[in-house]
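Okay, structure first, notes after.
Throughout, a chain's letter reflects where its sequence line sits, starting with A, and its residues are numbered from 1.
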Amino acid sequence: MIEKTYQPKTFESDLYKWWMKQGYFTPKAESDKPYFSMVTPPPNITGQLHLGHGLDNAIQDTLIRFKRMQGYNTLWLPGTDHASIATEVKIVEQLKKEGVDKRDLGRESFLERAWAWKDKYGGRIVEQLKRLGSSCDWSRLAFTMDENCSKAVRKAFVSMYKKGLIYRGSRIINWCPACKTALSDAEVEYSEQDGHFWHYGYTTPDGKTTVTFATTRPETMLGDTAVAVNPNDERYKHLVGKTVVVPFVNREIPVIADEYVDMEFGTGVVKITPAHDPNDFEVGVRHNLPVIRVMNDDGTMNENAGEFAGLDRYEARKRIVAKLGEMGILQKTEPHKHNVGSCYRCHTTVEPIVSKQWFVKMEPLAKPAIEAVKNGEIRFHPERFEKTYFNWMENIKDWCVSRQLWWGHRIPVWYCGDCGAEICEETDPTVCPNCGGKHLHQDEDVLDTWFSSALWPFSTLGFTENSKDFKAFFPTSVLSCGYDIIFFWVARMIFSSLYNTGKVPFSDVLMHGIVRDEQGRKMSKSLGNGIDPVEFIDKYGTDTLRFALINGVANGSDIRFSSDKIEGTRNFMNKVWNASRFVLMNCEGKSLVSVKDCNLSIADKWILTKLNEVTKQVTELLEKFELGMAAQCMYDFVWSEFCDWYIELTKPVLYGSDDAARRDTLSVLAYVLDNILRLLHPFAPFITEEIYQSMPNRGESIMIERYPEYNSEYCFSEDFKLVEELKELIAKIRNVRSEYGVAPSKRIRLYVDASDVRIKQCGVYLAKLCNLEDVVYSNALQGEKTVKTVTSAAVCEVPLGDLVDTEKETERITKELENVKNEIARASGKLNNQGFLAKAPANLVESEKTKLAKYKELQTQLENRLKELR
RNA sequence: GGAGGCAUAGCUCAGUCGGUUAGAGCGCUCGCUUCACAUGCGAGAGGUCGUAGGUUCGAAUCCUACUGUCUCUACCA
């Protein structure tokens, strides 16, 4: 028997340990069953679990448990990500506190620290994930830098290198002066900042003509190698080909004509700094301009900056502006709002800098990746995210994959110190294959962390070995993650998988939104509004947290997480607990029989029919990945049908004297509860298992039981309708009681004139649920003061004596009549519409006719009642 | 600049193929220590589905424009 009160803390962790011990999470690669597999988005080893992980894991665990119960051979593979830059930043911070600089420590010792970090924090995050109840296979736990993954990275890199899809080149990249590394476009965050437009100009050597422009970054002028105008600009045509002089560095630079310049914008003149601006770089390539870097990697000005060398970039800017002013060159300064990029890790303003980096050529990879989604091999849920995906993939630029960091997969390229050859092979070279020289050194940089994440769905399964797991579980079935990493991760997995394995990595992408705080703000460290899911788990239990994150949420939409929501969900779990306790208490010591051997009451038939319907609905919704609606469906069924009605309807039998009837009703109660627990198990694994363990005739564990299926034997549509009518009748009578202030404890008489004779079988139910003294199947006595209430199945009279207030009663009936008349107008309007009759589906026309008849009947009854009252 | 989302009850949000008397939770009002549960039970109030057109027999749902709002993306010096 379960405990009196629902206290998830007392059983959740024990159940989890037991499931693990039983090996329920671990599938075998050899199996006759169809497979269903997922890989988890690997959390960074930097950190702390947040509610987003909670949501992500809740979704995936619900899916995997559902599929497991449906009989699939299920694998859910967990793992963690080395998170190159993010982790390195953390370790550098840690070192700084000890007064140690990364460079002094040296690469090898630094990596030792990083691995120690991984052992500590990687392990911690795994423990946190377990608290979420995730039934992933921990025996296959992966890490982006373990052997499988590293081999896959090497194989992919070498293959792409040899096909010319990876190249090294000088490009403008986003440079973080604090992390001292290149960043990919996706790693830069833009925000609008207040800046200035400084207007000034360069003058021809003869001092006669000055071309004026505006700039937001005057310090880059030291690296200017041209001034550009639009070729069609009449104002400047005569200047093209002439030269002007850059102050401070006294460099003579040409005035060039390029389409890139917008004549309408500003003065129509642009200063060109190829080394420090992406557009200028392109212009420089077209016009063969020199590229002069004026900044160091740490954001200070270099020797090319002349008198400003050594200054920080912002200090240099200040001094240059001041000097331009003194020299009378500066014409005006205006405030200007513009978007400034910053490093997504340390939030330092990034500097576009020309440098030599490794790139992945995207166009040939993007094409098949676009095609795979276009032709439906991969489907996004909800579908609209396909647009986001296409939008990015169709405008994609080459991917900068080198990072000037130490923690990560080192770029597998060696350079020969003797002949300068570049060597990229799957095995480390010892001599130069070109000249036989032995002075080889490996590229210092590591790969973007997403390069290895992109291989995750197959690298973790042993793709390089063509292992049993790879053959059994790849391509994976579903990928679930937040829409915020479509570009970072989903898109890259798709093209990487197509390139390396020739197959799509998964067939369905299930997108969820971001978990926000009560005020709708994104949770972040700087706001301090982040919530540790473990906090909620301690207080409310895992099931409550998970259900609160999933219930009623549409796919892909953000979730505003509030304490109201979680408390409401806790109440639901408590409801499940208590309803189960009711059933178990009543079953204790009683022998039950199979439902098919029971003499079913109308209430039994009603709940079995309803259960059947819900089973079908929930299953279909889960198969369409509509988890939010499926959970909602269960919530409503359990609370509003099973608890509010069925349990109440069983009480007259349970507390009655007919032993056979009691046994049968108990059998149905237990059967329905058993089904509820199974249906609910994927969403709320712990509470359902805990209760299941006290069920009569239980199996070993609910998580390896079969998911309920539609059973055509339990479909009693006539009895179902009857109980629905009964519910309506009870509601009306309760309404009368409430409206007339009849004390709930007061037992009264009810007169029923049933048009549906089967209502007469429902006397016990009416009596119990409306607290009646007796039910009389006739009209009230002549002259007895009653309140009448009407449904399509029956006319009821409640004798209330002096409580009956003719005026109030007239008002009530009139109002109800009004409603009914509106409905009649609506229905007959439809039925008089020739278009509707001709084009609407027949069943719809039929149901409108039925409704109309029902309302007309009601109208007659209500009008009669009004006449009586007058 | 480009792309996309959202706008439904006081609040937070569901609403699937166009057809339900438009739903839920919370909040609110009234009444209840009824033997599973006061984390509860019963009864209510509360909506012109952002605005204007259009398609349709029929629109919260599809189309167009507008308004408001949020997000992503680009980075015009």
Can you give the donor-acceptor pairs under 3.5 Å from side chains of residues 264-272 of chain A to other protein atoms, not counting sequence neighbours?
from: A:Thr267; atom 1: OG1; to: A:Thr212; atom 2: O; distance (Å): 2.6
from: A:Thr267; atom 1: OG1; to: A:Val269; atom 2: N; distance (Å): 3.4
from: A:Lys271; atom 1: NZ; to: A:Thr220; atom 2: OG1; distance (Å): 2.8
from: A:Lys271; atom 1: NZ; to: A:Asp224; atom 2: OD1; distance (Å): 3.0
from: A:Lys271; atom 1: NZ; to: A:Asp224; atom 2: OD2; distance (Å): 3.4
from: A:Lys271; atom 1: NZ; to: A:Thr273; atom 2: OG1; distance (Å): 3.2

Closest non-hydrogen atoms of A:Lys732 and A:Val790, given as atom of the first, atom of the second and distance, are NZ-O, 3.4 Å
Measure from CE on A:Met263 to P on B:A77 and round the result to the nearest Å.
19 Å
N/O contacts under 3.5 Å, protein versus nucleotides 1-10 of chain B?
from: B:A3; atom 1: O2'; to: A:Asn391; atom 2: ND2; distance (Å): 3.4

Spacing of the P atoms in B:U51 and B:A7 (rounded, Å):
13 Å
C1' atom, B:U29 versus B:C66: distance in rounded Å?
40 Å
Measure distances between side-chain N and O atoms of A:Lys624 and base N and O atoms of B:U16, and say whether any donor-acceptor pair falls under 3.5 Å.
yes
Closest to the 5' end of RNA chain B, once A:Gly266 and A:Ser562 are matched to their nearest nucleotides, is A:Ser562
Nearest whole angstrom, please: distance from the C1' of B:U16 to the CG of A:Leu621.
8 Å
Can you list every stem that RNA chain B is part of, counting only runs of 3 or more consecutive Watson-Crick or G-U wobble pairs with both distances under 3.5 Å?
B:1-7 with B:67-73, B:10-13 with B:23-26, B:28-32 with B:40-44, B:50-54 with B:62-66
In whole angstrom, give me the gap between the C1' atoms of B:U21 and B:G15.
16 Å
5'-most contact on RNA chain B: A:Lys854 or A:Met629, nearest heavy atom basis?
A:Met629
Expressed as a whole number of Å, how far does the P atom of B:G40 sit from that of B:G54?
49 Å
Extract from the structure each pairing of a protein N or O with an N or O of nucleotides 38-43 of chain B at less than 3.5 Å, listing the distance.
from: B:U39; atom 1: O4'; to: A:Asn571; atom 2: OD1; distance (Å): 3.0
from: B:U39; atom 1: O2'; to: A:Asn574; atom 2: ND2; distance (Å): 2.8
from: B:U39; atom 1: O2; to: A:Arg570; atom 2: NE; distance (Å): 3.3
from: B:U39; atom 1: O2; to: A:Asn574; atom 2: ND2; distance (Å): 3.3
from: B:G40; atom 1: OP1; to: A:Asn571; atom 2: ND2; distance (Å): 3.0
from: B:G40; atom 1: O3'; to: A:Lys575; atom 2: NZ; distance (Å): 3.1
from: B:C41; atom 1: OP1; to: A:Lys575; atom 2: NZ; distance (Å): 2.7
from: B:C41; atom 1: OP1; to: A:Trp639; atom 2: NE1; distance (Å): 2.9
from: B:A43; atom 1: O3'; to: A:Asn735; atom 2: ND2; distance (Å): 3.1
from: B:A43; atom 1: O2'; to: A:Ser738; atom 2: OG; distance (Å): 3.2

Taking B:C49 as the reference, what is the distance to B:G5 when you measure between their P atoms (whole Å, please)?
22 Å
Rounded to whole angstrom, note down the P distance from B:C41 over to B:G47.
26 Å
Using a heavy-atom distance cut-off of less than 4.0 Å, which residues of residues 648-657 of chain A contact RNA chain B?
A:Glu648, A:Lys651, A:Tyr655
Taking A:Ser847 for the side chain and A:Leu844 for the main chain, is one N or O donor matched with an acceptor at less than 3.5 Å?
yes
Among B:C57, B:U21, B:A36, the nucleotide that comes nearest once only the side chain of A:Phe582 is considered
B:A36
Which part of the nucleic acid, if any, lies within contact of A:Ala838, taking any heavy atom under 4.0 Å across all strands shown: a base, the sugar-phosphate backbone alone, or nothing?
nothing
For residues 334-341 of chain A, dump all side-chain donor-acceptor pairs below 3.5 Å to protein atoms at least two apart in sequence or in another chain.
from: A:Glu334; atom 1: OE2; to: A:His199; atom 2: NE2; distance (Å): 3.1
from: A:Lys337; atom 1: NZ; to: A:Asp194; atom 2: OD1; distance (Å): 3.0
from: A:Asn339; atom 1: OD1; to: A:Glu192; atom 2: N; distance (Å): 3.2

